[in-house]
Amino acid sequence: MKIDLRSDTFTLPTPGMLEAIARAEVGDDVFGEDPSVNELEQRMAAKFGMEAALFCPTGTMSNQVAINVHTRPGDEVICEQQAHVYIYEGGGIAFHSGSQVKALPGNRGRIVAEQVVAAINPDDVHKARTSLVCLENTSNRGGGSCYNWEDVLAIKQVCQIHGLALHLDGARLFNALVATGQTPQQYGAVFDSISVCFNKGMGCPIGSVLMGGAAFIRQARRVRKLFGGGMRQAGFMAAAALYALDHHIDRLQEDHMHARQLAAALEKKDFIGSILPVETNLLIFEVKGRFTAATLAATLEHYGVRCLAISPTQIRMVTHLGIHSAMISQLVQLIDEL
Ligand SMILES: *Cc1c(COP(=O)(O)O)cnc(C)c1O
């Protein structure tokens, strides 16, 4: 058995995607002359009903570019305390943008409007200027949880009243859309900027797309260059993303089903504690009794199954397009026998 559930970033391009990459029409994107990049940016902007888009090498860069454009040094950014932009981007908010973070305790990575209101600093010389709210959907550390649309709208209203920008780290936004039935247009109408990853469940080697208003994206293009992210024949990777838009969105449903099947198998075991509700393709559960997270991960690895011990008592498994139903059946059987 060779089953890698450590992350959906381990996905490899399918033969169809490789063919799309090989056939891509490319040019120098710093000169604005890569037709595949231009097509991807236009297509994503249209899909989300936003004015413009920018292809970035990573989701970290597209988030950090967005934060840089939305803030000034000395500002404060509001986000959930386990947000990727805060805990997994190398201190980038401080490093790149000179802003500080007010991190709020959420419910599986999600915050609500009342918390945002309470976190906004008053107009007072002692206080940092609150300028930006960042949400994450699905939430990575929240175990792939999705926002309710009403909660997003309530946060938007707070942002409008207080003049704050609203950014979405939508690394796995397509997972959320498929799971909830929400639409790209809903998101485009509410957020000032959205970052979507193609290097996760979408199955591309690299790439993220940042979307926003025309003036925002013009400035983001400057900052991307400043950060070293101006790419030349990036169209090979944009072609992979275009292919993923056509072929890899609806199938995310399958990943979500696989995650639920694994949860159902784990739930029956005496060495498994609580399992976070499985909403999408991330599965986070507690290990107890005869295993620790590390010894269970090691035991599974012995059978060719890789997963991540994310704390002494917690394991994370991520389903993705490299994980087929037959693998899930094999793994369910292995779990039954443990
Ligand atoms: C993966 C991820 C990112 C971006 O990661 P990169 O590896 O830089 O593309 C951003 N936010 C979340 C929630 C993620 O899971």
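Since the model is a prediction, treat every value here as computed from it, not as a measurement. The first residue in the sequence is number 1, and the count goes up from there.
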Do you know which two heavy atoms are closest between L5 and L262, and how far apart they sit? CD1-CD1, 4.2 Å
So among L168, D169, I78, which one has a side-chain contact (heavy atoms from CB on, under 4.5 Å) with L135? L168
Could you tell me if D75 and S131 have a donor-acceptor pair between their side chains, going purely by distance under 3.5 Å? yes
If you define the side chain from C-beta out and look only at heavy atoms, does anything of M317 sit under 4.5 Å from F285? yes
Look up atom OG1 in T183 and atom CZ in F48, then write down how far apart they are to the nearest 0.5 Å. 9.0 Å
Apply the side chain to side chain donor-acceptor pair (under 3.5 Å) test between N175 and each candidate in H256, K200, Q253; give the one that qualifies. H256
Thinking salt bridges, do R108 and E279 make one under a 4.0 Å N-O criterion? yes
Nearest 0.5 angstrom please: F191 CZ to C134 SG, how far? 10.0 Å
Taking a hydrophobic cluster as the set of Ile, Leu, Val, Met, Phe, Trp and Tyr residues connected by side-chain heavy atoms closer than 4.5 Å, whether directly or through intermediates, do V178 and V152 fall within one such cluster? yes
Spacing of CG belonging to L296 relative to NZ belonging to K288, to within rounding of 0.5 Å: 13.0 Å
List, by chain and number, the other hydrophobic cluster members for L282, where Ile, Leu, Val, Met, Phe, Trp and Tyr join if side-chain heavy atoms come within less than 4.5 Å, directly or indirectly. V318
What's the separation between atom CG in L252 and atom CG in L177, rounded to the nearest 0.5 Å? 9.5 Å
Indicate yes or no: does R224 engage D29 in a salt bridge with an N to O separation below 4.0 Å. yes
CZ/F216 to CD/E51 distance, rounded to the nearest 0.5 angstrom? 12.0 Å
Pairs touching residues 121-171 that satisfy ring-ring contact (aromatic ring centres under 6.0 Å, His included), sequence neighbours left out: W149-Y187
Within a reach of under 6.0 Å around CZ of F10, are more than 12 heavy atoms found that belong to other residues, nucleotides or ligands? yes
Same cluster for M327 and L338 if Ile/Leu/Val/Met/Phe/Trp/Tyr side chains link at under 4.5 Å? yes
Just checking, is any N or O donor in the side chain of N68 or R222 under 3.5 Å from an acceptor N or O on the other one? no
Without hydrogens or angle criteria, can the side chains of N121 and K102 be said to hold a donor-acceptor pair below 3.5 Å? yes
So, applying side-chain contact (heavy atoms from CB on, under 4.5 Å) with M50, which one of D192, I194, I217 is it? I194
Using a 4.5 Å side-chain heavy-atom cut-off and chaining through intermediate ILVMFWY residues, the residues clustered with L132 come out as I67, V77, V85, Y86, I87, Y88, I93, V101
Is there a donor in the side chain of T313 and an acceptor in the side chain of E286, or the other way round, less than 3.5 Å apart? no
Is there side-chain contact between F198 and L245, with heavy atoms separated by less than 4.5 Å? yes
Spacing of CG belonging to D28 relative to CZ belonging to R232, to within rounding of 0.5 Å: 4.5 Å
Report, as yes or no, whether the 6.0 Å neighbourhood of atom CG on D124 holds more than 12 heavy atoms from other residues, nucleotides or ligands. yes
